[in-house]
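Data first, discussion second: the structure below is written as C-alpha cells.
Every chain is numbered from 1, with letters handed out A, B, ... down the list of sequences.
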Number of protein chains: 2
Amino acid sequence: MAKQMTEMLKGNLEGIVLAILSDRPAYGYEITSRLREMGFADIAEGTIYALLIRIEQKGLVDVVKTPSEKGPPRKVFSLNLQGQEYLKEFWTTWNFLADRLQQLHQGGR
Amino acid sequence: MAKQMTEMLKGNLEGIVLAILSDRPAYGYEITSRLREMGFADIAEGTIYALLIRIEQKGLVDVVKTPSEKGPPRKVFSLNLQGQEYLKEFWTTWNFLADRLQQLHQGGR
DNA sequence: ACCGCTACTAAGTGTTACTATGTAGCGGTA
DNA sequence: TACCGCTACATAGTAACACTTAGTAGCGGT
C-alpha cells in the first residue's frame, strides 16, 4: 500500500471500523470485505483482526460467537454504549482536523 | 493531548507542515507557533523538530541557516520540487480518505 | 484427495508523535 | 551584575498503530 495511506490510516482506521459497526453488527471477515468495497483495497486482514481485539479489550464492542455456514464460527462485534461515546469523540476530533486541513488546502498556493 | 488526536495526527502532521511551508518558507519555532494559532495547541516543540529533520533527510525541503535578532540562528526550511510532488500526493491521499469518511459519517446511523 | 473460499490468530517490524530534558543567545530589570 | 523570560534548536527513550508473514481450521466442489 502507499506509505502515505498507511500512516494516514493510523488513528482513523479504528474510527472507520467503529463507524461500520454503528451501522450494524459485523464480524472480522465481513468488515474486511466491506472495506475493500469502499476502496481500501490493500488493508491487510491481519490488521483488522488485531484492531478488533484492541477495541474489544477497550470495551467498545460486545462480542457474540455464532456458527457459520461456510467456515469456522464467526465473532460478531456490535458497538455498545461506550463504543458509541467513543465514536462520537472520534467524529469530533476528525471534524476538527478536517476543518484545519481544508483551510490549509484552500489557502495553499 | 487527547489520545485520539495524537493518533490521528500520525501521517497528517507531516503533510500539514509541508502545506505550511508551501505557503512560504519558515523555521521550526515559527511553524510551532503557527500550528498553535491554528488551534493545535498541544503539539510539542520537539515533535516539530524531529519531523523537520525527517523531511530534510527525505529531501523534501531545502535548508538555509540565517541569523536571528533574538536567539540562536534559525534553520529556515523551504519546500523544493520533490517536496511539492510529495505534498500533491499527500492531498490526493487525504482527499480519498476524507471522501470515504464523509460517506461513513453521513450514512452512519 | 485436493483446492479455494471462509474465518480467525499471533509473532515480529517500522513509522510516528509523545514526554522530558538539555543547550544556548538575547533583552530587560531589580 | 545576576537573573528571568523568550527565542531557537536538539535528542534519548516510550507508546500506539498498521504492516508483513505465517499459521490453524471448517466447508463445498471437482
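The CG atom of A/Leu60 lies 11.0 Å from the CD atom of A/Glu85; values are rounded to the nearest 0.5 Å. Atom CD of B/Glu14 sits about 3.5 Å away from atom NZ of B/Lys58, to the nearest 0.5 Å. Atom-to-atom distance recorded for B/Glu7:CD and A/Leu13:CG is 12.0 Å, nearest 0.5 angstrom.
Contact check for A/Glu89 versus B/Gln4: side-chain heavy atoms found under the 4.5 Å cut-off. A heavy-atom distance below 4.5 Å is not found between the side chains of A/Leu9 and A/Thr47.
Rounded to an integer number of Å, the gap from CZ of B/Phe40 to C1' of C/dA17 is 13 Å. Whole-Å rounding puts the A/Lys65 NZ to C/dA7 P distance at 14 Å. When the C1' atom of C/dT16 is taken as reference, atom CE of B/Met8 falls 15 Å away, rounded to whole Å. If you take CZ of B/Arg74 and P of D/dC6, they are 17 Å apart, rounded to a whole angstrom. With rounding to whole Å, B/Glu45 atom CD is found 9 Å from D/dT7 atom C1'. The nearest whole Å value for the distance from the CD1 atom in B/Ile48 to the C1' atom in D/dA8 is 14 Å. Computed from coordinates, the B/Glu30 CD to D/dC9 C1' distance equals 14 Å when rounded to whole Å. For A/Gln4 and D/dC19, the CD to C1' distance is 17 Å, given to the nearest whole Å.
Counting only distance, with no hydrogens or angles, the side chain of B/Asn12 and the backbone of A/Met8 share no donor-acceptor pair below 3.5 Å. In this structure a side-chain-to-backbone donor-acceptor pair under 3.5 Å is missing from A/Arg74 to A/Glu30.
Under the Watson-Crick and G-U wobble criteria, each requiring two contacts below 3.5 Å, nucleotide D/dT30 is paired to C/dA1. If you check C/dA17 for Watson-Crick or wobble pairing at under 3.5 angstrom, you find it paired to D/dT14.
Both cation-pi conditions hold for B/Arg100 and B/Phe96: the charged atom is under 6.0 angstrom from the six-membered ring centre and inside a 45 degree cone around its axis.
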Short heteroatom pairs, N/O only, protein and nucleotides 15-17 of chain D, under 3.5 Å:
residue: D/dA16; atom: N3; partner: B/Lys10; partner atom: NZ; Å: 3.1
residue: D/dC17; atom: O2; partner: A/Lys10; partner atom: NZ; Å: 3.2

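Minimum interatomic distance between A/Ile16 and A/Phe90 (heavy atoms only, all atoms of both residues): N-CZ, 4.4 Å.
The nucleotide whose nearest atom lies closest to any side-chain atom of B/Lys75 is, among D/dC9, C/dA17, C/dA7, D/dC9.
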Margin query: For a quick check, with a 4.0 angstrom heavy-atom cut-off, what is the B/S/- contact string for nucleotides 21-27 of chain D, read 5' to 3'?
Written below: ----BBS

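Using a 4.0 Å heavy-atom distance criterion, A/Leu52 is classed as making no nucleic acid contact.
Contact annotation: A/Tyr29 reaches the phosphate of C/dT6 (side-chain N/O to OP1 or OP2, under 4.0 Å). Between A/Tyr49 and C/dA10, a side-chain N or O to OP1/OP2 separation shorter than 4.0 Å is absent.
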